[in-house]
Amino acid sequence: MAEQNELMELAKRRGFFFGSNGAYGGTAGFYTFGPEGASLKHNVESAWRDQFTVRLGNDEIEAPTIMPEAVFEASGHLDGFDDMLVECAECGESHRADHLIEDAVEGIEDAEALGVDRVEELIREHDLACPTCGADLAGEPVEDFNLMFETSIGPGSGQPGYMRPETAQGIFVEFPRLKEYARGQLPFGVTQIGPAYRNEISPRRGIIRVREFTQAELEQFIDPEEDEPPLGEVDDVEVTLYPATEQNADDGDYVDTTIGEAVEEGIIGSPWVAYYLGIAQEWYERVGVDMDRFRFRQHLSGERAHYAADCWDAESEISGNWIEIAGFAYRGDYDLTKHGEYSEDRFTVFKRYDEPITVEKAVVDPDMSALGPEFGGAAADVAEALQELADEDPEAFEGDEVTVDVDGKSYTVDTEVANFSVEEQTESGEHITPHVVEPSFGVGRTVYTLLEHGYSEDEVDGETRSYLSLAPEMAPTNVAVFPLVSNDSELVEVATEVSGSLREAGISVTYDDSGSIGRRYRRQDEVGTPFCVTVDHEGLEGDGKQTVTLRERDSATQIRLPVDDVAGELEAMLAGDRSFDELGDRYDDVATDVTTT
RNA sequence: GUGCCGGUGGUCUAGUGGUAGGACCUGAGCCUUCCAAGCUCAUGGCCCGGGUUCAAAUCCCGGCCGGCACACCA
């Protein structure tokens with residue numbers, strides 16, 4: 001725990017993140033990423049985009065963060081995101097009012113649907129008591145608490161709108177157009193990186209539970225009957241799984257296996273989910289999560305969201321607790337079906353059959369000049385009912401008359417007027433609703449994981465040193481360049497040139513000539529800069545090539561190499577194509593008296 | 001949202017009913033040929049509002065923020 005406090009202190013002091021709006025007293029649940037943190041977060045997002053958008057061949061969009069109420073009626077967030085709370089006047093405990101009623105009253109299973117007033121009544125009628133202290137709850141107000149931020153769109157009372165509670169809906173609602181863009185071909189995937197908002201009752205644990213956070217989500221649209229993931233790509237990826245069965249068992253344990261075996265043995269039900277667990281495993285490794293403090297945990301049955309058939313979380317260990325940093329859900333056709341029902345558009349794709357098929361179809365072509373005068377305003381509904389009847393029960397048209405019900409009234413029509421016939425139609429395909437596989441990542445939590453997993457302390461020459469062991473690709477600054485001492489104009493001049501040329505090469509560089517060389521190394525260690533280049537006198541001496549020293553952060557060891565090689569070697573190491581150790585084989589170590597323990 | 005505890009320079013912290021010290025950091029200068037060295041100088045603070053009092057950073061009340069526990073986490 002002491003280490004966590006030090007990390008939080010470092011995060012504030014060195015500008016990784018801090019509570020927002022401090023000048024105005026602060027706002028709970030909102031954090032600002034400082035210069036170092038914003039850079040680190042940006043690098044995480046870039047790495048995510050590289051993997052989940054570019055390498056997987058998906059398309060990225062950017063949707064608005066405010067959406068109208070209708071979207072959330074369809075998605076289920078308006079109802080499902082609500083909590084009814086009742087507070088005990090005696091002991092102050094808050095309870096889920098709907099749960100109390102469901103427990104106490106026979107025959108009520110979904111109290112939430114009853115509304116606040118009715119729930120208050122029920123509490124009074126049934127004399128419900130506080131489960132904690134036993135005091136009477138009758139008469140206590142029931143408060144509706146929705147986790148979505150509400151706003152209004154347009155002037156005046158306008159149209160109600162909400163800050164999106166997940167980026168996913170921005171993708172789902174645009175499906176009809178995205179489908180066009182994908183030329184109607186499944187499978188295709190759409191990604192989005194951006195903020196989402198939840199008005200948490202009680203934001204906690206620093207940056208872990210906040211009210212505004214960044215999600216990186218992929219919605220993979222598939223044909224459930226035909227599309228299969230390229231599991232071969234991740235067959236051998238080793239993962240630590242924590243299936244529901246193990247969580248429920250008394251002596252439950254992790255299952256260390258490979259993606260291929262986990263699918264074969266049915267531990268992971270959905271091959272698509274398994275595929276993305278494999279992809280995610282490799283991605284987390286790449287960005288620098290400590291894989292000994294990482295696992296995939298299956299949701300317990302009671303924990304799953306309304307839409308999820310099977311769901312796994314990626315979790316990282318933070319100060320002894322496991323936190324969710326990504327979720328992998330097989331959402332089925334839930335979202336697209338709902339938006340199809342609630343909206344004007346069609347949320348399906350047309351799936352062509354291998355061969356067109358011929359079907360016999362019962363059709364009616366009612367004589368409206370007869371139905372109109374006879375049934376007046378109901379005529380159109382009657383015609384529609386006739387077609388429905390023809391679909392369901394063609395034999396009903398065999399007699400002289402046929403009867404249909406519309407709004408509880410019976411209408412009898414001459415078969416002749418209905419103009420019934422059976423036609424042969426050619427169908428070249430059908431409209432299907434794609435299923436959705438959703439890997440959804442929390443960016444801020446990933447950033448925090450990298451900070452905590454990377455935070456290290458060791459001893460150099462008897463002094464405690466703290467450093468952030470970030471992956472070179474993720475580090476806010478790639479390399480720092482120093483003149484060994486600042487009162488030598490030649491060293492300063494050369495170091496300035498070196499930092500300029502590295503910047504030209506597209507490397508993120510910090511130049512620093514303030515304070516002793518040791519202090520400058522420590523400064524960079526604290527913000528995770530993986531490499532430091534120092535220009536010293538030795539490198540300028542002689543008639544050979546000019547050389548500089550290159551120091552690696554974690555080991556604090558140095559090598560000496562020609563200044564002309566620096567940019568190339570750094571680029572190779574940043575790309576992950578070369579390690580510092582390999583450099584050590586080709587260049588001379590620098591003899592220093594630094595000892596790291 | 002409830003309960004308990006807390007809030008003093010950028011960070012960590014001492015302190016008293018009479019408006020505050022330290023350490024580190026930071027900046028300027030000196031020194032310095034590889035790991036937070038030293039010297040000089042400098043910047044910078046009592047969370048906000050109300051009350052009690054001659055006087056409040058200190059006591060009281062409320063708010064805001066934070067930590068922990070409970071509740072919550074679709």
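Each chain gets a letter, A, B and so on, in the order the sequences are listed, and its residues count up from 1. Computed over heavy atoms, backbone and side chain alike; hydrogens, waters and symmetry mates excluded.
- Comparing C35(B), U33(B), U11(B) against the side chain of Lys12(A) picks out U11(B) as the nearest.
- When the C1' atom is used for both U53(B) and G17(B), the distance is 9 Å, rounded to whole Å.
- Residues satisfying the side chain to side chain contact (heavy atoms under 4.5 Å, CB included) criterion with Met573(A), sequence neighbours excluded, are Phe531(A), Leu550(A), Leu570(A), Arg578(A), Phe580(A), Leu583(A).
- Here Phe221(A) pairs with Phe175(A), Phe188(A) under the ring pair (Phe, Tyr, Trp, His ring centres under 6.0 Å) rule; sequence neighbours left out.
- Applying the salt bridge (Lys or Arg N to Asp or Glu O under 4.0 Å) criterion to Arg211(A), with sequence neighbours excluded, gives no partner residue.
- Comparing the P positions of C41(B) and G51(B) gives an interatomic distance of 44 Å, to the nearest angstrom.
- Remark: the separation of the C1' atoms in C35(B) and U19(B) is 43 Å, to the nearest Å.
- In terms of modelled atom types and a separation under 3.5 Å, the side chain of Arg520(A) and the main chain of Leu484(A) share a donor-acceptor contact.
- Residues meeting the salt bridge (Lys or Arg N to Asp or Glu O under 4.0 Å) test with Glu526(A), sequence neighbours left out: Arg13(A), Arg14(A).
- Here, G38(B) and G1(B) have their P atoms 49 Å apart, quoted to the whole Å.
- Rounded to a whole Å, the CG atom of Asp536(A) is 7 Å from the C1' atom of U33(B).
- The salt bridge (Lys or Arg N to Asp or Glu O under 4.0 Å) test applied to Arg551(A) returns Asp525(A), not counting sequence neighbours.
- Heavy-atom distances under 4.0 Å link RNA chain B to Ser486(A), Asn487(A) of residues 486-501 of chain A, given in residue order.
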Show the distances under 3.5 angstrom between N or O atoms of the protein and N or O atoms of nucleotides 36-39 of chain B.
{"from": "A37(B)", "atom 1": "OP1", "to": "Arg519(A)", "atom 2": "NH2", "distance (Å)": "2.8"}
{"from": "A37(B)", "atom 1": "OP2", "to": "Ser516(A)", "atom 2": "OG", "distance (Å)": "2.9"}

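- Of the C1' atoms belonging to A71(B) and C60(B), the separation is 30 Å, rounded to the nearest Å.
- As rounded to whole Å, 11 Å separates atom P of C68(B) from atom CD1 of Ile208(A).
- For Ser514(A) and His537(A), each mapped to the nucleotide of RNA chain B holding its nearest heavy atom, the one lying further toward the 5' end belongs to Ser514(A).
- Atom C1' of nucleotide U11(B) and atom CG of Leu10(A) are separated by 10 Å, given to the nearest angstrom.
- Here the separation of G22(B) from A14(B), taken at their P atoms, is 15 Å to the nearest Å.
- Distance alone, capped at 3.5 Å, is enough to place a donor-acceptor pair between the Arg553(A) side chain and the Leu470(A) backbone.
- Remark: Lys338(A) pairs with no residue by the side-chain hydrogen bond (donor to acceptor under 3.5 Å, both in side chains) rule, at least two apart or across chains.
- Nucleotide G6(B): paired with C65(B) (Watson-Crick or G-U wobble, both distances less than 3.5 Å).
- U11(B) and G44(B) have their P atoms separated by 16 Å, with the value rounded to a whole Å.
- In this structure, of U32(B), A74(B), C35(B), it is C35(B) that holds the atom nearest to the side chain of Gln558(A).
- Per the geometry, CG belonging to Asp513(A) stands 16 Å off P belonging to U32(B), to the nearest Å.
- Residue Glu9(A) contributes atom CD, which lies 10 Å from atom C1' of C25(B) at whole-angstrom precision.
- Here the side chain of Ser39(A) pairs no donor or acceptor atom with the backbone of Pro35(A) at under 3.5 angstrom.
- A straight line from CD of Glu6(A) to C1' of C24(B) spans 14 Å, rounded to a whole angstrom.
- Partner assigned to G45(B) is none, using Watson-Crick or G-U wobble distances below 3.5 angstrom.
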Taking N or O atoms only and anything under 3.5 Å, show me the protein contacts with nucleotides 60-66 of chain B, one pair per line.
{"from": "C64(B)", "atom 1": "O2'", "to": "Gly25(A)", "atom 2": "O", "distance (Å)": "3.0"}
{"from": "C65(B)", "atom 1": "OP1", "to": "Ala28(A)", "atom 2": "N", "distance (Å)": "3.2"}
{"from": "C65(B)", "atom 1": "O4'", "to": "Gly25(A)", "atom 2": "O", "distance (Å)": "3.0"}

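- For the P atoms, the distance linking A20(B) with U43(B) amounts to 16 Å, nearest Å.
- One can place CG of Leu300(A) at 15 Å from P of C73(B), the figure rounded to the nearest angstrom.
- If you check G1(B) for Watson-Crick or wobble pairing at under 3.5 angstrom, you find it paired to C70(B).
- The partner of A28(B) is U40(B), judged by Watson-Crick or G-U wobble contacts that both fall below 3.5 Å.
- Protein atom CG of Asn21(A) is 14 Å distant from nucleotide atom C1' of C47(B), rounded to whole Å.
- For the side chain to side chain donor-acceptor pair (under 3.5 Å) condition, the pairs that include at least one residue of residues 486-499 of chain A, sequence neighbours left out, are Asp488(A)-His537(A).
- Residues meeting the salt bridge (Lys or Arg N to Asp or Glu O under 4.0 Å) test with Glu552(A), sequence neighbours left out: none.
- Tyr587(A) meets the ring pair (Phe, Tyr, Trp, His ring centres under 6.0 Å) test with no other residue; sequence neighbours excluded.
- Under the Watson-Crick or G-U wobble criterion, with both distances below 3.5 Å, C59(B) is paired with G51(B).
- Counted by atom type alone, Glu217(A) and Ser440(A) present one or more donor-acceptor pairs between their side chains at under 3.5 Å.
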